[in-house]
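Below you'll find the structure, written out as structure tokens, and then a few comments.
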Amino acid sequence: MPVMMYNTLTRKKEEFIPLEKDKVKMYVCGPTVYNYIHIGNARPAIVFDTVRRHLQYRGFDVKYVSNFTDVDDKLIRAANELGEEVPVIADRFINAYFEDTHALGCQKADVHPRVTENIELIIEFIEQLVEKGFAYESGGDVYYRTRQFDGYGKLSHQSIDELKVGARIGAGEKKDDALDFVLWKAAKEGEISWGSPWGEGRPGWHIECSAMARKYLGDSIDIHAGGQDLTFPHHENEIAQSEAVTGKPFARYWLHNGYINIDNEKMSKSLGNFVLVHDIIKEIDPQVLRFFMLSVHYRHPVNYNKELLDSSAAALGRLKIAYENLKHRKQSSTNLTNDDDQWLEKVNAHHDRFLAEMDDDFNTANAISVLFDLSKDANVYLLEQHTSVQVIDTFLSKYEDMFFVLGLTIQGEELLDEEIEDLIEQRNQARKDRNFTRADEIRDQLKELNIILEDTSQGIRWRRG
RNA sequence: GGCGGCAUAGCCAAGCGGUAAGGCCAAGGUCUGCAAAACCUUUACCACCGGUUCGAGUCCGGUUGCCGCCUCCA
């Protein structure tokens with residue numbers, strides 16, 4: 001089964017064929033680190049982490065690169081406001097980024113390059129553009145001569161003349177053409193800067209990705225991804241820069257995730273309705289946020305509010321309980337029984353369907369629905385008089401595989417401390433004595449401690465509430 | 001003006017020509033000492049109007065309403 005993915009470049013769902021067999025070179029545009037990430041930043045992190053996981057599960061060796069923009073106007077402004085140096089702020093929020101995305105179940109990239117660590121590289125890249133006639137210096141700035149690049153607009157499917165209409169006039173008097181964009185910005189007084197053939201300054205925004213993707217992944221890469229708002233101009237400009245220099249196709253597959261709205265409104269600073277991951281995961285399990293994001297197809301917009309999160313929490317909880325109940329039942333299971341073949345078949349069928357859904361443009365919404373089907377079958381299976389270790393193990397391992405692909409974790413075995421073990425024992429005795437008042441008392445007491453007890457015909461079962 | 005997306009049950013959300021997956025919530029039932037967990041049952045004229053087709057949420061045309069990009073933005 002081939003992996004199919006929607007390619008913004010062709011506007012079609014295409015079979016994924018990497019440049020090099022079984023290897024994937026993947027670049028995902030990372031954040032500008034001037035603040036904690038908000039849930040809008042979290043979406044691409046989660047979505048493309050899931051893409052990566054699925055490709056890994058499908059046997060690809062994925063090299064995943066995601067950058068940090070650690071110098072730009074927003075950082076300089078933040079530095080001025082806080083009275084701190086740009087690198088200090090950048091470091092702080094890079095660390096916070098790792099903390100937050102780790103909590104959300106995102107694997108670290110193989111490389112997280114930073115702009116400030118690649119200034120030389122970027123300057124060389126710009127020099128090549130100048131040499132080839134695609135860029136020109138103007139008053140200490142360097143601009144990309146957009147009209148020089150034939151394919152400009154191929155990603156966003158705009159003709160250059162249509163873009164011209166929308167382009168803001170007067171945005172840069174130093175430009176030859178309104179559509180030209182900056183590669184190198186001359187430093188203003190007191191701004192953080194680096195020396196260059198054009199004087200003190202710093203890189204423009206788009207150039208970093210071209211330079212760093214090339215350095216870590218090569219002239220041509222398989223997948224380039226980011227939020228859909230990056231399609232134009234950021235990714236369009238990247239293509240213009242990279243292909244002008246190398247003469248080769250930059251990225252074969254362009255993936256873009258949809259936006260997040262808050263209570264049906266666009267999340268924005270001016271509306272004051274943006275939600276920081278750092279804050280929200282103090283209130284809710286970060287896994288729930290991830291699950292919530294994955295319950296909508298990645299290219300569709302997702303609306304965010306607390307009620308929807310609660311609904312996701314309940315849904316995810318059900319999946320986890322089913323898994324835990326399987327584990328509990330394993331202890332009292334025996335060897336294979338007659339009916340087992342059909343159960344094994346069912347479990348494997350679910351697993352196959354899960355992968356098929358993921359293969360189909362990473363349809364996590366449908367993949368999750370398979371998880372519910374699996375859980376349903378697990379629960380029905382647990383209704384049987386006799387269960388076998390083999391079937392339970394198959395359920396469990398498929399569960400774990402699917403959770404891995406989605407980047408969700410299921411807690412492992414936990415031990416209870418002696419005091420609680422003792423209380424459970426006391427309650428068992430009380431129940432045997434038919435002293436239900438005492439039994440309920442203990443159950444309530446444990447509930448206070450966040451331990452939920454469930455009586456089953458295979459003995460007591462507990463879980464964290 | 002250009003490019004694009006969306007409109008499916010109280011809520012969320014799949015669906016890509018063959019008479020509507022899944023989840024949350026709700027109601028009834030079963031199981032249970034009581035719970036919990038779970039299982040069973042119940043809940044959709046797919047925005048509107050035309051068209052193509054034996055057959056259309058699903059394709060085509062139009063209407064209405066929302067939204068995104070075209071400017072820093074995930």
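Keep in mind that the numbers below use all heavy atoms, side chains included, and drop hydrogens, waters and symmetry copies. Just so it is clear: chains get the letters A, B, ... in the order the sequence lines come, proteins before strands, and each one is counted from 1.
- A donor-acceptor contact under 3.5 angstrom links the side-chain atoms of A:D440 to the base of B:G33.
- Put simply, A:K266 has no side-chain N or O that comes within less than 4.0 Å of OP1 or OP2 on B:A74.
- You won't find any donor-acceptor pair under 3.5 Å spanning the side chain of A:R318 and the base of B:C24, going by distance alone.
- A:K175 places a side-chain N or O within 3.5 Å of a backbone atom of A:D180 that can act as its donor or acceptor partner.
- B:U42 and B:C25 have their C1' atoms separated by 14 Å, with the value rounded to a whole Å.
- Pair assignment for B:C66: B:G5, on the basis of Watson-Crick or G-U wobble contacts that are both within less than 3.5 Å.
- The A:W205 side chain lies nearest to B:C72 when the options are B:G23, B:C72, B:A37.
- For B:G51, the glycosidic angle deviates from 0 by more than 90°, giving an anti base.
- Residue A:H300 is classed as a sugar-phosphate contact, given heavy-atom separations below 4.0 Å to backbone atoms only.
- Within 4.0 Å (heavy atoms only), A:L453 reaches at least one base atom of the nucleic acid.
- Looking at A:R77 and A:E81, no side-chain N of the basic residue comes within less than 4.0 Å of a carboxylate O on the acidic one, giving no salt bridge.
- With hydrogens and angles left out, the side chain of A:D455 and the base of B:C34 share a donor-acceptor pair within 3.5 Å.
- One P atom belongs to B:C67, the other to B:C12, and the distance between them is 16 Å to the nearest Å.
- Stacking of A:F436 onto the six-membered ring of B:G33 is present: less than 5.5 angstrom between centres, less than 30° between planes.
- The pair A:R438-A:D433 fails the salt-bridge criterion, with no side-chain N (NZ, NE, NH1 or NH2) lying under 4.0 Å from an Asp/Glu carboxylate O.
- When heavy atoms are screened at a 4.0 angstrom cut-off, A:N366 is found touching base atoms of the nucleic acid.
- The base of B:A35 lies close enough to the side chain of A:R443 for a donor and an acceptor atom to sit less than 3.5 Å apart.
- The C1' atoms of B:C59 and B:C16 are separated by 10 Å, rounded to the nearest whole Å.
- Using a 4.0 Å heavy-atom distance criterion, A:G40 is classed as a base contact.
- Look at A:F372 and the base of B:G23; the rings do not stack under the cut-offs of 5.5 Å between centres and 30° between planes.
- The side chain of A:S369 lies closest to B:G22, out of B:G22, B:A37, B:A36.
- Checked against the 6.0 Å centroid threshold, A:H235 and A:H256 count as a close aromatic pair.
- Contacts of A:T231 with the nucleic acid, taken as non-hydrogen atoms under 4.0 Å apart, are absent.
- Contact annotation: A:N303 does not reach the phosphate of B:A13 (side-chain N/O to OP1 or OP2, under 4.0 Å).
- Rounded to the nearest Å, the gap between the C1' atom of B:A9 and that of B:U32 is 33 Å.
- When the side-chain nitrogen and oxygen atoms of A:K306 are compared with OP1 and OP2 of B:C12, none of them lie within a distance under 4.0 Å.
- Across B:A74, B:C24, B:C11, the shortest atom-to-atom separation from the side chain of A:N41 is found for B:A74.
- As judged by a 4.0 angstrom heavy-atom cut-off over every strand, A:I260 is placed among the base-contacting residues.
- In terms of polar N and O atoms assigned as donor or acceptor, the side chain of A:R431 comes within less than 3.5 Å of the base of B:G33 in a complementary pairing.
- Rounded to whole angstrom, the span from the CZ atom of A:R299 across to the C1' atom of B:C6 amounts to 13 Å.
- Of the candidates B:A74, B:A36, B:C40, B:C40 carries the atom nearest the A:K376 side chain, counting heavy atoms from C-beta on.
- Relative to the side chain of A:N379, the nucleotides B:C69, B:C39, B:G33 differ in distance, and B:C39 lies closest.
- If you check every strand for non-hydrogen atoms under 4.0 Å, A:R464 touches nothing.
- Mapping A:R353 and A:A322 onto RNA chain B by nearest heavy atom places A:R353 at the nucleotide closer to the 5' end.
- Taking every side-chain heavy atom of A:A439 into account, B:G33 is the closest of B:A74, B:C72, B:G33.
- Checking B:A36 for Watson-Crick or G-U wobble geometry (two distances, each under 3.5 Å) identifies no partner in any strand.
- Under the Watson-Crick or G-U wobble criterion, with both distances below 3.5 Å, B:U52 has no partner in any strand shown.
- B:U19 and B:U53: their C1' atoms are spaced 15 Å apart (whole Å).
- Among the atoms of the strands shown, only primed sugar atoms or phosphate atoms (P, OP1, OP2) are found under 4.0 Å from some heavy atom of A:F232.
- Looking at heavy-atom distances under 4.0 Å, A:H256 makes no contact with the nucleic acid at all.
- Between A:F16 and A:Y253, the ring centre distance stays below 6.0 Å.
- Here, B:G23 and B:G62 have their P atoms 39 Å apart, quoted to the whole Å.
- Nucleotides B:C54 and B:G15 have their C1' atoms positioned 23 Å apart, rounded to a whole Å.
- The same atom, C1', is picked in B:G22 and in B:U30; the two are 24 Å apart, to the nearest Å.
- Of the inter-residue distances, the one linking A:S369 atom OG with A:E357 atom CD reads 6.5 Å to the nearest 0.5 angstrom.
- For A:H38, taking side-chain heavy atoms from C-beta onward, the closest of the listed nucleotides B:A74, B:G23, B:C11 is B:A74.
- Ring centers of A:F68 and A:F98: under 6.0 Å apart, within the cut-off.
- No side-chain donor from either of A:R114 and A:N67 sits under 3.5 Å from a side-chain acceptor of the other.
- Counting any heavy atom pair closer than 4.0 Å across all strands shown, A:Q228 reaches sugar-phosphate atoms only and no base atom.
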